[in-house]
Amino acid sequence: MVNLGLKYVDLMRQRTSKWANWSPERQDIKVGSYGRFNAQTGRFDVEGNVYDPEFQKLLDATDGKLKLSDHPPVFDEEEDFAVGSMGVRAKDFSPGLDVAEGLDQAKYKGDWQFLDIKRGAMLVMYKPRQEHFPKGKVFEALFKVPELRDKYIVPSVYKCRAYALHLSEKGAKRFSLALLPKPGEDNKTQLEWWTDSKIENLQLKTDPEEVFSPLFTCKRKIQLIRPLMRESPTPDPEDADFWMDVYPPWEPLDDDGEIDPVYDDDQEDDPNVYNPRRDSVYVPQPISDDSDDE
């Protein structure tokens with residue numbers, strides 16, 4: 001049985017260095033959420049949020065100066081976000097004969113090609129809004145809260161009103177995708193997805209508001225070593241200096257999202273052996289022509 005959620009999260013992590021949400025329609029990840037990742041499913045299990053009134057009591061006990069309600073998340077508007085894992089390419093829009101009406105008004109349109117015999121993943125977000133901590137005091141105050149010692153915290157989230165995500169089966173394939181205005185005078189501001197494919201594990205969702213959170217970042221505290229000399233106190237943190245990115249809590253996976261038995265732990269630090277956690281870096285994909293498909 002394929003572990004769909006874990007495999008999708010793992011592939012998108014390798015490609016973007018961010019964390020993907022396999023169920024954006026059902027799980028709302030917010031800025032300030034904290035918890036841990038489920039190593040069996042890839043789901044981020046939220047235990048609380050630093051903006052909750054209950055957490056402010058913990059902050060008051062350690063800092064007593066900062067009120068997080070005075071430092072709410074800020075947001076930046078983004079362009080359309082489209083990314084595929086290794087072996088997945090975004091192509092020029094080239095649908096077949098079964099074409100929907102209104103494609104000239106499409107908010108997004110493109111083809112996705114899966115080249116390898118291995119599974120691939122893709123994600124499209126329509127005009128996402130990146131919400132994040134304001135720069136400065138928030139990270140500094142949170143570092144002093146001992147209850148966050150072993151927790152992962154979400155400092156930024158991509159929110160959108162329409163997304164498409166897919167985890168492929170093994171084998172090459174290609175499909176067209178478009179985001180269209182709903183027909184009818186009363187639906188001008190509403191959107192709907194169109195595709196020429198009936199493939200499995202393709203999620204297409206829309207909403208009038210930015211309610212979906214398909215992608216987010218995660219950080220944890222750097223565990224500092226107590227200074228050996230009393231004359232060398234630990235410096236106060238500045239912004240996110242004492243926070244680090246979170247790495248997957250699971251071992252490298254095979255194509256079905258299970259622990260890969262071929263992977264040798266003794267080779268983890270060998271620079272001559274490919275390590276997906278270390279060696280996969282996100283590179284934006286330009287729209288290429290179809291000449292290399294033939």
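In this chain, numbering begins with 1 at the start of the sequence shown. Quantities reported herein were computed from a predicted structural model and do not represent experimental measurements.
- Taking the six-membered ring where the residue is Trp, F139 and F133 present perpendicular rings, their angle passing 60° and hence far from 30°.
- Below 30°, between 30° and 60°, or above 60°: for F216 and F44 the angle between ring planes is between 30° and 60°, a tilted geometry.
- Between W22 and Y8, the ring planes are tilted. Angles from 30° to 60° get that label.
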Tell me, with the steps shown, if F212 and L165 meet side chain to side chain contact (heavy atoms under 4.5 Å, CB included). CA-CA 12 Å; F212 303 123; L165 67 82; over 6 Å; no
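- With respect to the salt-bridge test (charged N to carboxylate O, under 4.0 angstrom), the residues K109 and D104 do not qualify.
- For D111 and S176, the side-chain atoms include at least one donor-acceptor pair closer than 3.5 Å.
- Ion pair K7/D256 not flagged as a salt bridge, since none of the NZ, NE, NH1 or NH2 atoms sits closer than 4.0 Å to an Asp/Glu carboxylate oxygen.
- Looking at D52 and Q56, their side chains never bring a donor and an acceptor atom within 3.5 Å of each other.
- Using a 4.0 Å cut-off between charged side-chain N and carboxylate O, D45 and R43 make a salt bridge.
- Among residue pairs with one or both ends in residues 71-84, those qualifying as side chain to side chain donor-acceptor pair (under 3.5 Å) are D76-H132; sequence neighbours excluded.
- Under the rule for a side-chain hydrogen bond (donor to acceptor under 3.5 Å, both in side chains), the partners of Q203 that lie at least two apart in sequence or sit in another chain are Y163.
- A salt bridge links K67 and D60; the closest N-O separation between the charged side-chain nitrogens and carboxylate oxygens is under 4.0 Å.
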